[in-house]
Each structure stands twice: as structure tokens, then as C-alpha cells.
Amino acid sequence: MNAKDPTNKRGRKPAASNATAAPAPKKRYYKKKTEETTSSPRKSANAAAKAANPPAAPATAAKPAAKSRSSRAKQPKEIKRTPVRIIPLGGLNEIGKNMTVFECSNDMFILDCGLAFPDADMPGVDIVIPDFTYVERNADKIRGIVITHGHEDHIGGLAYLLKKVNVPVYATRLTIGLIEGKLKEQGMLGKVNLNIVEPKKTVKMGCMAVEFIKVNHSIPDSVGMAIHTPAGIIVHTGDFKVDYTPIDGKIIDLARFGELGSKGVLALMADSTNAERPGYTHSERTVGESFDRLFKKGEGKRIIIATFSSNIHRVQQIINCAVRYGRKVAIFGRSMVNVVNTAIELGYLDVPDGVIIDIELMNRYENERIVLITTGSQGEPMSALTRMAMNDHKKVNITPMDFIIISATPIPGNEKFVTRVVNELMKSGAEVVYEAMYEVHVSGHACQEELKLMLAMTRPKFFMPVHGEYKHLKKHADLALQMGIPKENIIIGEIGNVVETDGNTMKIVSQVPSGRVLVDGLGVGDVGSIVLRDRKHLAEDGLIIIVIGIEKATNEIVAGPDIISRGFVYVRESEELMEEAKTLLTDTLAGCSYAELKEWNTLKGKLRDALSDYIYQKTKRSPMILPIIMET
């Protein structure tokens, strides 16, 4: 939409008419001006002059009036603007699940909606998404969702949110392509208003406007955001790094960040993932040079490369090396196949005809003419590389004639999984290149010197580090202090905090519902702390089931007690323990009164307590005990 066009204030037209060039330097998106901002300095001066020189004032009043006028000149009044609220619902004090709400007057929009992967203490959980309670309560105020890039931690929760709040989505072309894949999986493709926005274009969100700014990251079409609000300009970098030699030739738009800094940036919200790492992040091109050396080293062998499915620039460099050395490329892993197909369709991957072959045709070629690109760089249990390592893959068996490159660094917490996969691959005789043995991976996030550069370019009044655990946020805050931002102007927030600014101050004013929602299969939010507690209990100590039958008419025990054990002990090897337990339960039932036999909850409690004490005394274990009473 053109900035001068008053129509479609809620940003619900397609991006072709909704996105315009960056706003002129003096353009402000005010929906409603306060009384103080409407009064001009000239009118204020005239009023002061009249107050200082009333028509019939005595001569003695002139001096106090002059003194008052001088006092007002020395202490200019601060202009209060319409306050803006920043509400992070994910991405602070954690890795992943990035989601932030921006609110001004009766307008809101959402920046990113990602997922996180479950921790070891979440057995059975597939993914973790943000709590959408606050967004659902304010659904009528939401003008749209803007997305910085297509990684799972920024778009993985979007389909779940759109099921509850269906509003327009704005993102760059590749990101929209990846979002379409997500919506197709959920049966929502065609039901959501998706809008493509190019960098340097702006989308109106009520009284706010969101400008898309090109940045470098490990996936093409990544952008940062300049959010133009009545209170001032808020810059959100998204995930970024400064790469002067990117694969696609599109360098981060540092000029625009500098221009915004010259105009005056109210607040900067910047990526903190690599805030602990000194220096600069290497260019993606260094990986291509390493691949070239490794392809030479792997001559005569089949080359298998595991990397992140979304790292399209990495895949492009692998394909370039395959073409150079006369090899065919086969793609493995569902997510890898989906992303590669989308990138080829949209023109983000340049693949000569005949280079990529179907996995069914792979056996027609000699090993030395094949390159496999696969998922599993993080040792995920069900990934293609893990199944290959465990000899559980239908199409690929690992042999000494395989040369395997793991082109990724383990995400914190995944080191054990990656090590296990590497060990199994080596046991099969394959040569494995991983981690720092060669430069086969570079980060997509800015290191300390690049973070300082962003602070220096934007020169923000306030600073709020985002995207990282607390140690990352704290280190980034320390860098901001070094760059001259006052300590009182730096906010290390938590999810659910409401951070409010009127252009003069910025502070945490309240809290909204926030947290994590667990997705298990088709169930969203039905797995809570109690279910997780029971799952962990079962995993650690197993289960014992007590079964008895009671005659309804006479209230007599006619069957049992029988004991069923799962995950506790192997019954055939612990017959003595089981027989003693049965005897104990029989005695417990014999000691129950008629009233206790009628009150089943009391009876279950007595059986559970008696068996629990006995089992712990004999084994020092505390299995879950589940009494079942059947009425006959």
C-alpha cells in the first residue's frame, strides 16, 4: 500500500498493493496525537508572552513573569507520545519458539511464530509452541503477522496460531513458499491470506508500519524489521549476520540501518545467539572452499553430506561441487526434499538439468559418481542419517566406501546424539568428517563485533537483547554497555513481560499469560505437567497393576489379587518377589472391613500403600502402582 493511500488501514490487501517503498524520513504513522503534540512551539511562545505581559498588570509583576519565562526556557517540556507495548511470548531465556507482539492503541501485530524442540524431560512430546492465550483474547485487534525468515524456530508454530486467529501473513517470497508447505500439512492451504513482501517495502499495521530490511542469515530471503510507531522507530534485527560475500550476492542493507540510526532509533531488539563469541562470523563461502577440498579427498568413494534442510546456500554449494566433479545428487529426508523442491520452484537453487536424480535410480550409478544430501546433522533419532548409521535405512547401507561429512555444529543438548551417530558410522568402516575437523560449517548468527556494528549503526536510545538463553542476553547487554548505552536503558526481559515506551522511557509495566504448549501427535496442549510427571515416573520405575474382582451382591472378593508388571521387573525371574507381594495384598484385603470393601477409593489406597512400602523395602524402587477393581 502506498504510504499516502488512506485505504486498507488494516493491511488486508495482497502485498502487491500493501507493500511500498520505505517511508520518507519525516513520515510518521500517528493514529491519534495527544494534546501536547498538537500544540506548536510558536503557539506556546505566544502564550508565554501573554502570560509574561498581561494588559493591566502592575510593574512589580514584570520581574516574576520574566523569571518564570526564563525557567521554562531552561527546562523544555518532554513530549509524551502514544505508548507502544512490546510483548515477547517466546524466544527469551530459551532457544527457539520466537514470537513477539507489538501493540499500540487498538492495533496489534505479531512478529514471528516459531517452535522449539522438546527437552529430555518431555518424553513423548513432538514440539513446543508458545502460549497463544493473550493473542486469542485480543484477536479483534490483530492486523497481521510478519515473518523474518523461514526457519522452524520462526515459522513452526504459525499453522497452530492461524487455526485460532486467521489474519494476513506477510513475508518474503521463499519464506511464504515454506509457510505454504506447513499449511498444506495442516490442511489449511488456501484458507490463509499470504502476502509476499520484498525488502525495502513497508506494510501498514493500523497506527504502525513495518519496514522489511535485507539481512544475511543461513537461509535466503531473511529480513530485519524497522517498526515505525507513534513513539518512535523500533528496529528488530531478526536472526542476522554480516556476510560481505554471500552466496546469492545480496549483502545486508547496512546503509538502511545507518539511515535509521541518523533519523533516531528509539529501541533496538537484536539477535543474541552468538553474543558470547568474539570476532566475526565467517562467510558461507568458506564452507564451499572446504567442500572442494573434501570432494578431492573423497575421490573413488560415495559422498554423503548431512546438513540443515533449510540451509539452501549450503545445498547450492554441494550441488556446485557435484557438477564440478561429475557426480549426481540424490536428496534424502522429508524436510530436505520439501525445502529443495520449494527452492528450485522459486528459483533459489540453480540446478543444471539431470544433476538431481531420484533415489530409486541411485543404484544405476557407481558409488564414486554419487553425492547424497541428507537430514540428520543433529543426530535426530528418526532422521535419514541416523537410520543409515543404524543399518535401518531401506535405500542406503553404510560401507567402507562411504565418505561422510556432517556439515553442522551440534545444537546444545544434541552432542550425545551426534556422537552416537558418528560412532556407528565409523563402526561400519566409513570415513567421517565432523565439527571442527574442517571448516564444513559456519554460523548464521552475528558474533560480538557484528553486534557492536549494529549497535553503532542504529545508535538506539533503548536496547533489548532477544533470541537466546539468559547468558546470551546478559552478554549482549554487556556489549551494549561497552557501546555507551546507559544501564538503565537496557532491558533484559522474560516471556510474558509487557515492555512499554512512550518515546521518553521504556520499562516493564505488567505481565500477560505466557509459557509453553506441548504438541503430542494431534493433541495440542493436552499434555501438561501432570502427564509429563507420570511419563517420567513410568520411564524411571515402571508400572505394577493390581487386579481384583468383587461380587456386587455380596461384596465378597471372588478373584485376585493378581499382579501385572511392566517395566519394573521381569516376572519370570522374580517369581518369589511377586508371590510375596500377592500374599501381602491378600492379607491386606482380609483385614479390610465390610465398609472399606464398599468404598473403592479407600480400598485402592490401602492396596497401593501396602504394596508400595513392600516393594521399596525389597528393591529401593518406587514403581507406579495402579489398582483395578472389577465388579462381577
With sequence neighbours excluded, residues passing side chain to side chain donor-acceptor pair (under 3.5 Å) with Thr133: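 Checked Thr133 against side chain to side chain donor-acceptor pair (under 3.5 Å); matches are Asp131.
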
Those residues that, when tested against Thr172, pass side chain to side chain donor-acceptor pair (under 3.5 Å) (two or more places apart):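 So Thr172 forms a side chain to side chain donor-acceptor pair (under 3.5 Å) with Thr175.
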
Do [X] and [Y] get their side chains close enough for a donor-acceptor pair, meaning under 3.5 Å?
X      : Y      : value
Tyr244 : Asn216 : no
Glu103 : Tyr134 : yes
Asp350 : Gln316 : no
Ser272 : His472 : no
His445 : Asn274 : no

Looking only at atom types and distance, does a side-chain atom of [X] sit under 3.5 Å from a main-chain N or O of [Y], one as donor and one as acceptor?
X      : Y      : answer
Asn166 : Lys191 : yes
Gln511 : Ile495 : yes
Thr237 : Asp271 : yes
Asp502 : Thr505 : yes
Asn98  : Asp153 : yes
Asp253 : Ile213 : no
Asn341 : Asn338 : no
Arg85  : Phe102 : no
Glu450 : Val242 : yes
Gln317 : Ile312 : no

Under-4.0 Å salt bridge between [X] and [Y]:
X      : Y      : value
Asp107 : Arg143 : yes
Arg256 : Glu211 : yes
Lys475 : Glu276 : no
Glu284 : Arg314 : yes
Glu449 : Arg277 : no
Lys201 : Glu198 : no

All N/O donor-acceptor pairs, side-chain side in residues 457-467, below 3.5 Å, sequence neighbours left out:
{"residue": "Thr458", "atom": "OG1", "partner": "Met454", "partner atom": "O", "Å": "2.8"}
{"residue": "Arg459", "atom": "NH2", "partner": "Ser262", "partner atom": "OG", "Å": "3.3"}
{"residue": "Lys461", "atom": "NZ", "partner": "Gly503", "partner atom": "O", "Å": "3.0"}
{"residue": "Lys461", "atom": "NZ", "partner": "Asn504", "partner atom": "O", "Å": "3.4"}
{"residue": "His467", "atom": "ND1", "partner": "Asp239", "partner atom": "OD1", "Å": "2.8"}

In the structure I gave you, are the side-chain heavy atoms of His476 and Gln448 within less than 4.5 Å of one another anywhere?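 No - every pair of side-chain heavy atoms lies 4.5 Å or more apart.
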
Does some side-chain heavy atom of Phe308 sit less than 4.5 Å from a side-chain heavy atom of Gln378?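 Yes, at least one pair of side-chain atoms sits under 4.5 Å.
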
Within the supplied structure, the quantity of interest is the number of heavy atoms (other residues, nucleotides, ligands) at a distance under 6.0 Å from Lys163 NZ; does it exceed 12?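 Yes - once you tally the heavy atoms of other residues, nucleotides and ligands closer than 6.0 Å, there are more than 12.
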
Side chain to side chain donor-acceptor pair (under 3.5 Å) evaluation trace for Ser283 with Asp243: CA-CA 5 Å; Ser283 171; Asp243 191 340; 2.9 Å; yes

Take Tyr348 and Asp248 through the side chain to side chain donor-acceptor pair (under 3.5 Å) test and state the conclusion after the steps. CA-CA 9 Å; Tyr348 289 87; Asp248 60 4; over 6 Å; no

